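Working notes, structure below.
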Amino acid sequence: MGGEMPYGQWALWGLTAAAVLLLVNVGWVLLVRWWYRLKGPLPEMLRVRCADGWELTVHARRAPVRRFAEPVLLCHGLAANRFTFDFEPPYSVAHYLTEAGFDCFSVEWRGTGHSQRPPRGRRPTDFTVDDHIQHDGRPCWSWR
């Protein structure tokens, strides 16, 4: 019994270690978000309303010299957001396409990014993939 720590001290050390790990993790996330933030001009934010009441956000990057009449609509996957396509050059698809002469629009589907708020009486998670298919696509072209 001479060198053993009581249970209370182990619990205190465990809580201290967990708190330190949490702070390091939060610090790391904040550092990464700051390092990879958009440093150039932000895209124009457009709002579109779906037939079932959800409001989606579409981020527009207009071509400095428009060479093509057809715009490009960039649509992220279900576990992503607009930053899949729109971040700092030279790795940004949105920047590349606008420099090539396309107007480029990155949609944020319901439940992600700036499109998170549901209509009155519905929860933020009250939608399915079918709602994305049936309701979200058509309004994204309404700004044309």
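The structure displayed is predicted, hence computed values, not measured ones.
- Judged as a salt bridge (Lys or Arg N to Asp or Glu O under 4.0 Å), and not counting sequence neighbours, the contacts of E44 are R62.
- Listed by chain and number, the hydrophobic cluster partners of M45 come to none, as no ILVMFWY side chain reaches under 4.5 Å of it.
- With sequence neighbours excluded, no residue forms a ring pair (Phe, Tyr, Trp, His ring centres under 6.0 Å) with F83.
- Cluster partners of F127, using a side-chain heavy-atom cutoff of under 4.5 Å among ILVMFWY residues and allowing indirect links, are W54.
- Residue pairs satisfying the salt bridge (Lys or Arg N to Asp or Glu O under 4.0 Å) criterion with at least one member in residues 126-138, sequence neighbours excluded, are listed as follows: R110-D136, R122-D126.
- For E88, there are no side chain to side chain donor-acceptor pair (under 3.5 Å) partners two or more places apart in sequence or in a different chain.
- You'll find the side chain of D86 reaches within 4.5 Å of the side chain of H95, heavy atoms only.
- Taking SG of C50 as the start and CD of Q134 as the end, the distance is 11.5 Å to the nearest 0.5 Å.
- H76 and E108 are not linked by any side-chain donor-acceptor pair at a separation below 3.5 angstrom, with hydrogens and angles left out of the test.
- Legend: residues meeting side-chain contact (heavy atoms from CB on, under 4.5 Å) with F68, ordered by chain and number and at least two apart, are E70, F102.
- For F85, the ring pair (Phe, Tyr, Trp, His ring centres under 6.0 Å) criterion is met by no residue, not counting sequence neighbours.
- Considering only heavy atoms from C-beta on, T57 comes within 4.5 Å of R47 through its side chain.
- You'll find the side chain of R82 reaches within 4.5 Å of the side chain of P43, heavy atoms only.
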Quick one: side chains of residues 10-32, donor-acceptor pairs under 3.5 Å with protein atoms, not counting sequence neighbours, listed by atom name and distance.
residue: T16; atom: OG1; partner: L12; partner atom: O; Å: 2.8

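- Looking only at side-chain heavy atoms (C-beta outward), C75 and W109 come within less than 4.5 Å of each other.
- The side-chain heavy atoms of P119 and D52, taken from C-beta on, include no pair separated by under 4.5 Å.
- Atom CZ of R67 and atom CD of E99 lie 8.0 Å apart (nearest 0.5 Å).
- Here the side chains of V93 and V72 are not in contact, with every heavy-atom distance at 4.5 Å or above.
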